[in-house]
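Lettering of chains follows the sequences in order, A, B, ..., and the numbering in each one begins at 1.
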Amino acid sequence: MSIEWYLVVSAMIFCIGAGGVITRRSPLVTLLCLELMLNAGNLALIAFSRMWGNAEGQVFAIIVMVVAACEVCVGLGVIVAMYRRRLPIDVDDMRELHG
Amino acid sequence: MAEFFYFLCAIVAIAGAIGVVALRNPFYAVLSLVCHLFALAGLFLLLRAEFVAFAQIVVYAGAVMVLYVFTVGYVGGDDESVRPWHGPAQKGVALVFAGMLFVELCLAILGSGLKALDGEGAPYEAGFGSPGQIGELFLTTFLFAFEAASILLLIAAVGAVVLARRRGAGRVEADRMTFTEFMRPIGTGTTAEAVGTRDAGINLPAPAAEPEREQLESGRGERA
């Protein structure tokens, strides 16, 4: 399979994730959609790494995975804290974040 | 054979991604993401990135997804209620936006004129994408990124514990705290405290917080 095919799949997954971030209102599912977008980026990085025969793109992909794990860790911590404070688990009701 | 595995993995990955977005129950969305991650690991294997594929399965589909499942179980995965004022219109706008983004990305990829995109990639050398090669790159060229990633993980772990920990039991007012007050604990020297609009003690401005709490209660009732 040529590299183009992988890039098209990557673009499709990214768009599905972007649409999900816009439509879904639960912060949990918004985080899941962010994961989708990061994974699409990973797939493109690895496809380009294969294209050049250079493993440095794979190192980038691993760093992206590290950043995604950190984001999930902090994001889920915030969601659990919101639940403990009995705040609504809904991104539309979180209007106080704009200061 | 490679074509068969490519189409199998790509279809499962895209179906999993659509499931994450479309399923209403967050628990099923998490399970759908696990399927998506496994299929994506298959695509990584086809691109000869062995180490990344297995790190994906062990770290993502294993550890991170377990964290998600526990959080969904703790918070409670109620189905989302669709509000009348931005239900269908917002979905339509999002679909149009995602479609346009996809067309634009495809134009950018296919119209880039990069000749190597048509090919199978560079000739395969033994050891490409193996743990040994990745480890060597991490400890030579990308040593700084490696160290920065370890510090980032440490900060995130400590930050998650600080955010999600149980506060002191004497704080009765904790359940009427707003999100802003929660992000700025008392005694951190904010401007609001300096000008006296927030008390320095534990008594928060109860009258101001009362209507908001009622609103929240009604919001929760509506969802339930």
Side-chain angles (χ1 to χ4, degrees), chain A residues 1-9 11-20 22-26 28-29 32-33 35-36 39 43 46-47 49-53 55-56 58-59 61-63 65-67 69-70 72-74 76-81 83 85-89 93-94 96-97, chain B residues 2-3 6 10 14 17-18 20-21 26 29 33 40 43-44 47-49 52 55 59 64 67 71-72 75 80 90-91 94-95 98 101-102 105-106 109 116-122 128-129 133-134 137-138 142 145 149 152-153 156-157 159-160 163-164 175 177-180 182 216 219-220:
Chain A
M1 302 302 294
S2 69
I3 302 293
E4 278 170 349
W5 287 85
Y6 293 94
L7 292 178
V8 169
V9 169
M12 197 177 275
I13 294 172
F14 187 88
C15 296
I16 293 170
I22 297 174
T23 43
R24 298 305 294 263
R25 300 207 336 270
S26 157
L28 270 168
V29 185
L32 287 176
C33 294
E35 297 279 321
L36 281 182
N39 275 321
L43 182 58
I46 287 178
S49 145
R50 174 83 184 100
M51 180 172 122
W52 290 106
E56 296 185 358
Q58 302 185 6
V59 173
I62 290 175
I63 296 289
M65 281 169 63
V66 168
V67 172
C70 292
V72 166
C73 198
V74 175
L76 292 182
V78 168
I79 291 173
V80 168
Y83 180 72
R85 299 285 178 291
R86 299 184 203 155
L87 291 164
I89 309 287
D93 287 342
M94 293 280 110
E96 297 169 17
L97 278 177
Chain B
E3 281 83 3
Y6 167 80
I14 290 171
I18 291 175
V20 171
V21 176
L33 187 66
L40 212 59
L43 284 181
F44 289 174
L47 286 167
R48 305 201 181 265
V52 185
V59 176
V64 174
L67 199 62
T71 311
V72 171
V75 172
E80 290 180 8
Q90 195 188 15
K91 283 219 171 79
L95 271 180
L101 191 63
F102 178 63
L105 283 175
C106 282
I109 292 166
L117 279 182
D118 273 336
E120 293 259 333
F128 174 72
Q133 196 188 12
I134 304 283
L137 276 172
F138 259 128
F142 296 103
L152 185 67
L153 279 173
L163 278 172
D175 54 346
M177 258 181 150
T178 60
F179 190 73
T180 329
F182 156 64
L216 296 188
R220 293 190 73 82

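Using a 4.5 Å cut-off between heavy atoms, B:I18 contacts chain A through both its backbone and its side chain. Both the backbone and the side chain of B:L67 come within less than 4.5 Å of a heavy atom in chain A. At a 4.5 Å heavy-atom cutoff, the contact between B:I14 and chain A is made by backbone and side-chain atoms alike. Contact of A:I16 with chain B is made through backbone and side chain together, with heavy-atom distances under 4.5 Å. Contacts between B:L43 and chain A at a heavy-atom distance below 4.5 Å involve backbone atoms as well as side-chain atoms. Contact of B:Q133 with chain A is made through the side chain alone, with heavy-atom distances under 4.5 Å. For B:F128, the part sitting under 4.5 Å from any heavy atom of chain A is the side chain, from C-beta outward, and nothing else.
Highest contact tally toward chain A, considering only B:A160, B:A94, B:A17, B:A55, is held by B:A17 [criterion: heavy-atom pairs under 4.5 Å]. Note on A:V66, A:L7, A:L36: by heavy-atom pairs under 4.5 Å with chain B, the leading option is A:L36. When each of B:L95, B:I109, B:V64 is scored by its heavy-atom pairs under 4.5 Å with chain A, the top score falls to B:I109. Options A:G77, A:C15, A:G20 differ in how many heavy-atom pairs under 4.5 Å they form with chain B, and the most are formed by A:C15. Top candidate by heavy-atom pairs under 4.5 Å with chain B, chosen from A:G19, A:A55, A:A47, A:A18, is A:A55. Of the residues considered (A:V67, A:N39, A:V9), A:N39 shows the highest number of contacts with chain B, using heavy-atom pairs under 4.5 Å. Ranked by non-hydrogen atom pairs under 4.5 Å with chain B, the options A:I79, A:I13, A:L76 are led by A:L76.
Nearest heavy atoms, B:A156 versus A:C73: O-SG, 3.8 Å. The two residues A:R24 and B:V20 have their closest heavy-atom pair at NH1-O, 3.6 Å. Minimum heavy-atom separation, B:V52 to A:Q58: CG2-CB, 3.8 Å. Between A:L32 and B:A29, the shortest heavy-atom distance links the atoms CD1-CB, 3.8 Å. Between A:V8 and B:F102, the shortest heavy-atom contact is O-CE1, 3.8 Å. Nearest approach of B:L47 to A:R50, heavy atoms of both residues: O-CD, 3.2 Å.
If you take CZ on A:F14 and CG on B:L105, they are separated by 7.0 Å, rounding to the nearest 0.5 Å. In this structure, A:I62 CD1 and B:I134 CD1 are separated by 5.0 Å, a value rounded to the nearest 0.5 Å.
You'll find the side chain of B:T71 stays beyond 4.5 Å of the side chain of A:Y83, heavy atoms only.
A distance-only check finds a donor-acceptor pair linking the side chain of B:Y6 to the backbone of A:W5 [under 3.5 Å].
A search for side chain to side chain contact (heavy atoms under 4.5 Å, CB included) contacts involving B:A145 returns A:I63, B:F142, not counting sequence neighbours.
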